[in-house]
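Notes for the one structure printed next.
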Amino acid sequence: MTPADGSLVFTGCRLQSATPGYAEAPASAQPLGRRREVVVSGRRVKTVDVHAHCGVPAAMALMGLKPAPSLLMSQPADRLRAMDEQGIDVEALSINPYWYGADRDVARELIRIQNEALAEACAANPERFVAFATVALQHPDLAVEQLEEGVRRYGLRGASLGGSVEGQELSDPKFHTFWARAEQLGVLVFIHPQGTAELESSTRLAGNGVLTNTIGNPLETTIALSHLIFEGTLDRFPGLKICAAHGGGYLPSYAARSDAIMTTFPERCTGALKKKPTEYLRQLYFDSIVFTAEALRHLAAETGAGQIVMGTDYPYPWTKTSVDHILNTPGLSDDERIAMLGGTAAKLLGIKG
Ligand SMILES: [Zn+2]
């Protein structure tokens, strides 16, 4: 890849030792540099990671930002090595929004630079990377253009969004035009939280434990999905393909409360829905970053195994055993494991076998 203004720099980090508490990953027993090939019942599975971060410095510079010093800037080779070791065949790259406060002109230029860089990175390693288009959702009509251009001109496979846009919910009618186009194009929309800024300003999430991230991130996803369900956005656009990060936050783990509110306080549930709130979980997709076999089992029970796609959160070292998490969770059929490891994501992202 030619270094250029728009060139993509991976916010990489070196592979660290296996996460305590997990069985040792087979990858760690292999000679360094060897690509781990994942096999289920004798069948080689093309594994896909739907949750992998990167950054484009030239685009960030337009907002006066730089990649955090703590995030090492590395070459694609480092990332490919980590993917090989973890048994990840394809990463679907995304960029967490930091541009939702940008005016229209800056947002247009920033997204152009960013999507070009993403396309360039994918073109340099077409077997290993696909990417989600970035869009300036604060300007919905512009975001529609950017989504179309991202998919049609740059070959990007969908779009990545934050869990809210400058305090506005994704269910806000101003975003209907974007959802309509995403539905029409049939592409996957990946929702990644950015925390809950409202709670941060109150300092309720201050103190030990990085609660802004630990619970702030899954909380934002929970709020975003709940609004998309209860405000009728998913009824209005039933063909939408949405994937929520971190297993959908807290929503699937306490899903039944969303049904119970309908009978407990019916007079306060004023918007009619076409089905029970929990039934919408079976049309959404969720990444597998829930850490334990029990959590993955429960997620599959609430959403259906076919709705779960593998995620790693690379380069953030939440886990390096996403493949083994799926392989080692009891009670899944081989077909369900294959679907989670990559089969479902490959279909959603147009990745050929
Ligand atoms: Zn992430």
Side-chain angles (χ1 to χ4, degrees), residues 1 8 10 27 35-41 43-54 76 79-95 114-135 147-161 182-192 239-245 283-289 304-315 322-323 325-327 334-353:
M1 186 170 63
L8 184 109
F10 294 115
R35 183 164 171 182
R36 178 182 179 189
E37 299 196 339
V38 177
V39 175
V40 175
S41 5
R43 188 173 142 200
R44 170 76 166 92
V45 181
K46 180 176 265 195
T47 59
V48 180
D49 173 10
V50 301
H51 187 156
H53 296 285
C54 61
R79 178 176 292 245
L80 289 167
R81 193 174 309 118
M83 290 166 66
D84 287 350
E85 289 171 359
Q86 293 180 30
I88 308 294
D89 292 312
V90 183
E91 272 187 357
L93 302 168
S94 58
I95 300 175
Q114 210 155 240
N115 287 349
E116 280 183 6
L118 286 167
E120 195 179 313
C122 295
N125 287 284
E127 298 296 315
R128 306 305 299 276
F129 298 121
V130 295
F132 292 101
T134 56
V135 298
L147 172 63
E148 286 177 354
E149 183 178 62
V151 171
R152 294 197 162 138
R153 180 172 172 194
Y154 295 123
L156 303 172
R157 307 302 170 91
S160 56
L161 305 181
E183 182 186 46
Q184 201 173 25
L185 289 167
V187 294
L188 187 64
V189 177
F190 180 61
I191 298 178
H192 191 290
L240 271 180
K241 298 172 184 170
I242 291 175
C243 178
Q283 72 189 66
L284 298 169
Y285 296 90
F286 303 88
D287 79 22
S288 62
I289 307 176
Q307 305 306 115
I308 300 174
V309 289
M310 186 168 66
T312 67
D313 227 330
Y314 187 89
S322 292
V323 166
H325 182 202
I326 292 168
L327 290 178
D334 286 344
D335 283 347
E336 288 170 341
R337 289 183 215 282
I338 290 167
M340 286 185 197
L341 286 164
T344 299
K347 282 185 205 139
L348 291 168
L349 297 168
I351 296 168
K352 297 193 176 67

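Side-chain N or O atoms of Thr47 include one that pairs as donor or acceptor with a backbone N or O of Gly87 at under 3.5 Å. Not a single donor-acceptor pair under 3.5 Å links the side chain of Arg157 to the backbone N or O of Leu188. Using a distance-only test at 3.5 Å, with no hydrogens or angles considered, no donor-acceptor pair links the side chain of Asp334 to the main chain of Ser41. No side-chain donor-acceptor contact under 3.5 Å links Ser160 to the backbone of Thr134. A donor-acceptor pair is defined here as one N or O able to donate and one able to accept, closer than 3.5 Å; such a pair exists between the side chain of Lys46 and the backbone of Lys352. With Glu183 contributing its side chain and Gly239 its backbone, the two residues share a donor-acceptor pair below 3.5 Å.
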Subject >> Intermediate values then yes/no, side chain to side chain contact (heavy atoms under 4.5 Å, CB included), Cys243 and Val309 >> reply: CA-CA 8 Å; Cys243 178; Val309 289; 3.7 Å; yes
Original post:
For Val135 and Leu161, what are the C-alpha separation, side-chain angles and deciding distance, and is it a side chain to side chain contact (heavy atoms under 4.5 Å, CB included)?
Top reply: CA-CA 7 Å; Val135 298; Leu161 305 181; 3.6 Å; yes
Original post:
Would Met310 and Val323 satisfy side chain to side chain contact (heavy atoms under 4.5 Å, CB included), going step by step from the backbone distance to the final call?
Top reply: CA-CA 8 Å; Met310 186 168 66; Val323 166; 3.8 Å; yes
Original post:
Yes or no on side chain to side chain contact (heavy atoms under 4.5 Å, CB included) for Met83 and Thr312, after CA distance, side-chain angles and deciding distance?
Top reply: CA-CA 10 Å; Met83 290 166 66; Thr312 67; over 6 Å; no
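Within the model, atoms CD1 of Ile338 and CG of Leu327 stand 10.0 Å from one another, a figure rounded to the nearest 0.5 Å. Atom OG of Ser288 and atom NE2 of His325 lie 6.5 Å apart (nearest 0.5 Å). Taking CD from Glu37 and CG from Asp84, the interatomic distance works out to 9.5 Å, rounded to the nearest 0.5 Å. The distance from atom CG of Leu147 to atom CG of Leu185, rounded to the nearest 0.5 Å, is 5.0 Å. From Arg36, atom CZ reaches atom CD of Gln86 across 9.5 Å, with rounding to the nearest 0.5 Å. Atom CD1 of Ile88 and atom CZ of Arg79 lie 11.5 Å apart (nearest 0.5 Å).
Contact check for Arg337 versus Val45: no side-chain heavy atoms found under the 4.5 Å cut-off. Ile191 is listed as a side-chain neighbour of Ile242, based on a closest heavy-atom distance under 4.5 Å. You'll find the side chain of Ser322 stays beyond 4.5 Å of the side chain of Asp313, heavy atoms only. Considering only heavy atoms from C-beta on, Pro76 stays 4.5 Å or farther from Arg128 through its side chain. Using a 4.5 Å heavy-atom threshold, the side chains of Arg153 and Asn115 count as separate.
With sequence neighbours excluded, the residues satisfying ring-ring contact (aromatic ring centres under 6.0 Å, His included) with Phe190 are His51, Phe132. Listed by chain and number, the residues in a salt bridge (charged side-chain N to carboxylate O under 4.0 Å, His left out) with Asp89 are Arg35, Arg44 (sequence neighbours excluded).
Residues Ala133 and Gly150 approach most closely at CB-CA, 4.2 Å, considering heavy atoms. Scanning all heavy atoms of the two residues, the minimum distance from Gly186 to Lys241 falls at O-NZ, 3.1 Å. Of all heavy-atom pairs between Asp287 and Ala245, the closest is OD2-CA, 3.3 Å. Residue Ile326 comes nearest to Leu341 through the heavy atom pair CG2-CG, 3.8 Å, listed as atom of the first residue, atom of the second, then distance. Between Ala82 and Tyr314, the shortest heavy-atom distance links the atoms CB-CE1, 3.7 Å. Scanning both residues, Cys54 and Leu93, for their nearest heavy atoms gives SG-CB, 4.0 Å.
For Lys347, the NZ atom counts as loosely surrounded, since its 6.0 Å shell holds 12 or fewer non-hydrogen atoms of other residues, nucleotides or ligands.
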